[in-house]
Amino acid sequence: MSREQKIAQLHGAMETIDIYAVSAEAAQGEGGLDAVADQFRVERHVDGIEELGIPRFRITNGPVGVGMGDGTPSPPATALPMAIALAAGFDPELARDYGGIIGAEAATLGQHVLEGPGVCLHRTTIAGRNFEYFSEDPYLSGVMGVEVTRAIQAQDVIAIGKHYVLNDQEVERFRTSVEIDEDVLRELYLLPFEMLVKDAGIAGIMSAYNRIRGVYATENRPVLTEILRHEWGFEGYVQSDFWSTRSAAPSLNAGLDHEMPDAKWLNEQNITAALQDTSLEIETVDRALARRFTQMFRFGVFERPYAPGEIDAAAHGAVSRRIGSQTAVLLKNDGGLLPLDPAVASVAVIGQSTFVDEACLGGGGSSKVIPLYTVPPVEGLRDVLEGLGSPAEITRVMVEKDLSNLGEARQAAEWADVVVLMAGHVATEGADQPHASLPDGQDRMLAELLAVNGRSVVVLKDSNPVLMPWIEAAPAVLEVWNQGAEDGHVVADLLFGVVNPSGKVPTTYPRSEDDTLYAGRPERYPGTDEGDGYPVIRYSEGRRMGYRWFQSEGNEPLFGFGHGLSYTSFELSDLVVDAPDGVAAPVTVEVSITNTGQRAGAEVVQVYAGIPAEGQPPKRLVAFAKVQVEPGATERVRLTIDPGATHHPLSVWDHTARAFRTVTGDYTLYVGTAADSTPLTTTLRGAASGG
């Protein structure tokens, strides 16, 4: 390759634009990032070089389905439930099915790269891209991310883990700098990325927008090279997030390999100048290309002709419906109001248009999926009730955002036998939520309508956990997340008991925003100017994030991590732990789970560990298993906790040794069905190690 050809392969083919000016316009105008993005055409490919046999390299977004891809407009695909919903399934098999759909559709559409999964953590519940990420817990995030990655790459599609690392908020994402202790970085925020590299063999990593300790993630050699490659053994390539590249020579020298979507920095002028003044060597350019080309050969990109096909919408939609029904969370069900009796005479469906008129696809920004089809709420209810032979009459009332027709909604609620109140919010890339409450007066809407009819069910369609000031008045609350195309069918299946809910919340629901780690602490979020002009975010809460925060602070959450009810009931018993070598070798945990109710259902057995080291929170999730149990039956569940596993379940980071190690002391194992519901415990003796 000539020097010019090499440089042409370092970057995407889009015409260079001033994305920072565009982002400023988005912040000031209506419609946010989506409205401004409509003004220009985003190209998502690298031009091929025909004489060298290098094909056009086609890239699509995809944490929650095949989103913006190489083509204008982007081709339609299956709109799946959000990633936060997938994590609520607590089921690696569901993650394999999810990744299989995304990978298969990317391959069918002729795409070579799928930008996902996203494994940043839900440090706050209001972050705009939490819907693309899995959980507040690094182990759960890693497990789901590994299975999604394996399934994508099994379709000969390159998966790219993102956003590496600490891209945990959208406010000022181009400017912020994160200050974090090394042990916290290792034990929480880097952990799921480490699992992607070591357990899934992921082919690509996407660097983040933010600064890390004052240095942009795209220029951060300790993160991109020393940790990712030297310590973890990553053999793939690093692509920038779109427009996150900030330099030419410093970025390539740090370990960035590919700029997207344009050539603002890795262009011929900059690279040539850097080569001439020796701030960059041609071997570094060659290395960047070799890393990407190696993965292209690994996945057959050079041999595969471009021949896009047709997605099997019905088959993939059926999988989406099954995934969605197993990831919804029954938060509350006083008096056994749910499931509803199909013989009910009348059902009033009430809510704002986004939630009662359309399938709630969710997810604004670059991950938005153009759906092949959708099933709106009322249509889905009618389909399911017809299949059950129900005579129910369905009345729909769309409440205006200004609540001007709330009187009409009250009347409908008063006369119906059952009321289904649909509410929620749809988050977007580029903006965090201004608060943790439901937008557009929905809290008032729910409070007033719940007072009208005691047989009212609240169906939440959320991108994030929300505050619920009306919770005491609601007999039943079902969190279904942003469901995607099969919204109408999934919700109806759950409401009328066609499916027994089995999801668990993957992120804690606070009772009040005052209980969060950032309340009254602007240096933690959204950041403060410490004199350099840009916001600095200090993760001074340390490991006390998510359920670890609530346990450490003694705050009782509204719904704790791992919480989720069922239409049946379960009981855990007979805990047996086999650990002849303490925590120096794999620990086996066995427990019996009995279905004490009248319906078949699934429960998630969760194992947490208390680590005897200073600064550690009371519990961390170290193992889980979802178990299907028939009524009256008992299943014996066996879980293994391997201290040598990539998520370092029983270790802490030793900065002096630059390694994870176990510590001397008593390790407590907690077994239960949620972080704040662990009735079975045992103690293990641990000794210090360097492993």
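Note that the structure is a prediction, hence the values are computed from the model and not measured. Every heavy atom of this structure was used, including side-chain atoms; hydrogens, water molecules and symmetry mates were not.
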For [Y], is there any backbone N or O sitting under 3.5 Å from a side-chain donor or acceptor partner on [X]?
X      : Y      : result
Tyr216 : Phe174 : yes
Thr218 : Ser244 : yes
Arg304 : Phe299 : yes
Thr78  : Leu80  : no
Tyr547 : Arg620 : no
Asn130 : Asn464 : no
Lys461 : Phe355 : yes
His112 : Ile158 : no
Tyr133 : Ser141 : no
Asp262 : Phe242 : no

Roughly how far, to the nearest 0.5 Å, is the [atom2] atom of [Y] from the [atom1] atom of [X]?
X      : Y      : atom1 : atom2 : result
Asp462 : Thr125 : CG    : OG1   : 10.5 Å
Gln606 : Thr673 : CD    : OG1   : 6.5 Å
Ile102 : Ile152 : CD1   : CD1   : 5.0 Å
Asp440 : Ser353 : CG    : OG    : 11.5 Å
His122 : Arg129 : NE2   : CZ    : 12.0 Å
Arg175 : Arg211 : CZ    : CZ    : 7.5 Å

Problem set entry | Test: Arg123 cationic atom under 6.0 Å from Tyr525 six-membered ring centre, within 45° of axis | no

Can you name the nearest heavy-atom pair linking [X] to [Y], along with the distance?
X      : Y      : value
Leu361 : Ala485 : CD2-N, 3.8 Å
Leu494 : Ala328 : CD1-CB, 3.3 Å
Pro465 : Ile84  : CD-CD1, 4.2 Å
Ala79  : Ser320 : O-OG, 3.9 Å
Leu495 : Val457 : CD2-CG1, 3.9 Å
Phe90  : Leu140 : CZ-CD2, 3.6 Å

Exercise. Would Asn482 and Ser463 satisfy side chain to side chain donor-acceptor pair (under 3.5 Å), going step by step from the backbone distance to the final call?
Worked result: CA-CA 6 Å; Asn482 297 160; Ser463 300; 2.5 Å; yes

Exercise. Aromatic rings Tyr539 and Tyr189: how do their planes relate, parallel, tilted or perpendicular, breaks at 30° and 60°?
Worked result: perpendicular

Problem set entry | Trp481 and Tyr509 aromatic ring geometry - parallel, tilted or perpendicular at 30°/60° bounds | tilted

Under a 4.0 Å threshold between the charged nitrogen and the carboxylate oxygen, would [Y] count as salt-bridged to [X]?
X      : Y      : answer
Asp91  : Lys626 : no
Arg150 : Asp199 : no
Lys504 : Glu479 : no

Problem set entry | Check against side-chain contact (heavy atoms from CB on, under 4.5 Å), Val148 and Phe134 | CA-CA 11 Å; Val148 169; Phe134 294 111; 4.3 Å; yes

Hey, are [Y] and [X] close enough side-chain-wise for a donor-acceptor pair under 3.5 Å?
X      : Y      : result
Thr176 : Gln169 : no
Ser566 : Asn500 : yes
Tyr518 : Glu513 : yes
Glu136 : Thr508 : yes
Tyr373 : Glu486 : yes

Are the side chains of [Y] and [X] in contact, using a 4.5 Å heavy-atom criterion?
X      : Y      : answer
Val426 : Phe131 : no
Asn210 : Asp168 : no
Thr327 : Tyr98  : no
Arg56  : Asp70  : yes
Asn61  : Pro63  : yes
Val119 : Met195 : no
Thr124 : Gln433 : no

For this session: Begin with the C-alpha distance, continue with both residues' side-chain angles, and end with the deciding distance and a verdict on side chain to side chain donor-acceptor pair (under 3.5 Å) for Arg292 and Gln295.
Result: CA-CA 5 Å; Arg292 182 165 64 86; Gln295 300 307 314; over 6 Å; no

For this session: Apply the test side-chain contact (heavy atoms from CB on, under 4.5 Å) to residues Ile311 and Leu109: give CA-CA distance (whole Å), side-chain angles for both, the deciding distance (0.1 Å), then the verdict.
Result: CA-CA 8 Å; Ile311 293 170; Leu109 296 172; 4.0 Å; yes

Exercise. Among pairs that include at least one residue of residues 108-118, which meet salt bridge (charged side-chain N to carboxylate O under 4.0 Å, His left out), considering only residues two or more places apart or in two chains?
Worked result: Arg44-Glu115

For this session: Could you walk me through whether Gln239 and Ile59 pass the side-chain contact (heavy atoms from CB on, under 4.5 Å) test, one step at a time?
Result: CA-CA 11 Å; Gln239 175 196 302; Ile59 301 169; 4.0 Å; yes

Exercise. Going through the checks in order, is the side-chain contact (heavy atoms from CB on, under 4.5 Å) test met by Ile160 and Val113?
Worked result: CA-CA 7 Å; Ile160 293 190; Val113 176; 3.5 Å; yes

Exercise. Is Glu358 atom CD crowded by more than 12 heavy atoms from other residues, nucleotides or ligands, each under 6.0 Å away?
Worked result: yes

For this session: With side chain to side chain donor-acceptor pair (under 3.5 Å) as the test, would you mind laying out the steps for Ser325 and Asp493 before giving the verdict?
Result: CA-CA 7 Å; Ser325 67; Asp493 284 342; 5.7 Å; no

Problem set entry | Step-by-step side chain to side chain donor-acceptor pair (under 3.5 Å) determination, His489 to Asp383 | CA-CA 7 Å; His489 286 150; Asp383 286 348; 2.8 Å; yes

Problem set entry | Test side chain to side chain contact (heavy atoms under 4.5 Å, CB included) applied to Trp243 and Met260, Glu259, Met14, the passing residue | Met14

For this session: Under the salt bridge (charged side-chain N to carboxylate O under 4.0 Å, His left out) rule, what do Arg173 and Glu170 come out as? Steps first, then yes or no, please.
Result: CA-CA 5 Å; Arg173 60 179 178 166; Glu170 292 298 281; 3.1 Å; yes

For this session: Verify the ring-centre separation between Phe561 and Phe550: is it less than 6.0 angstrom?
Result: no

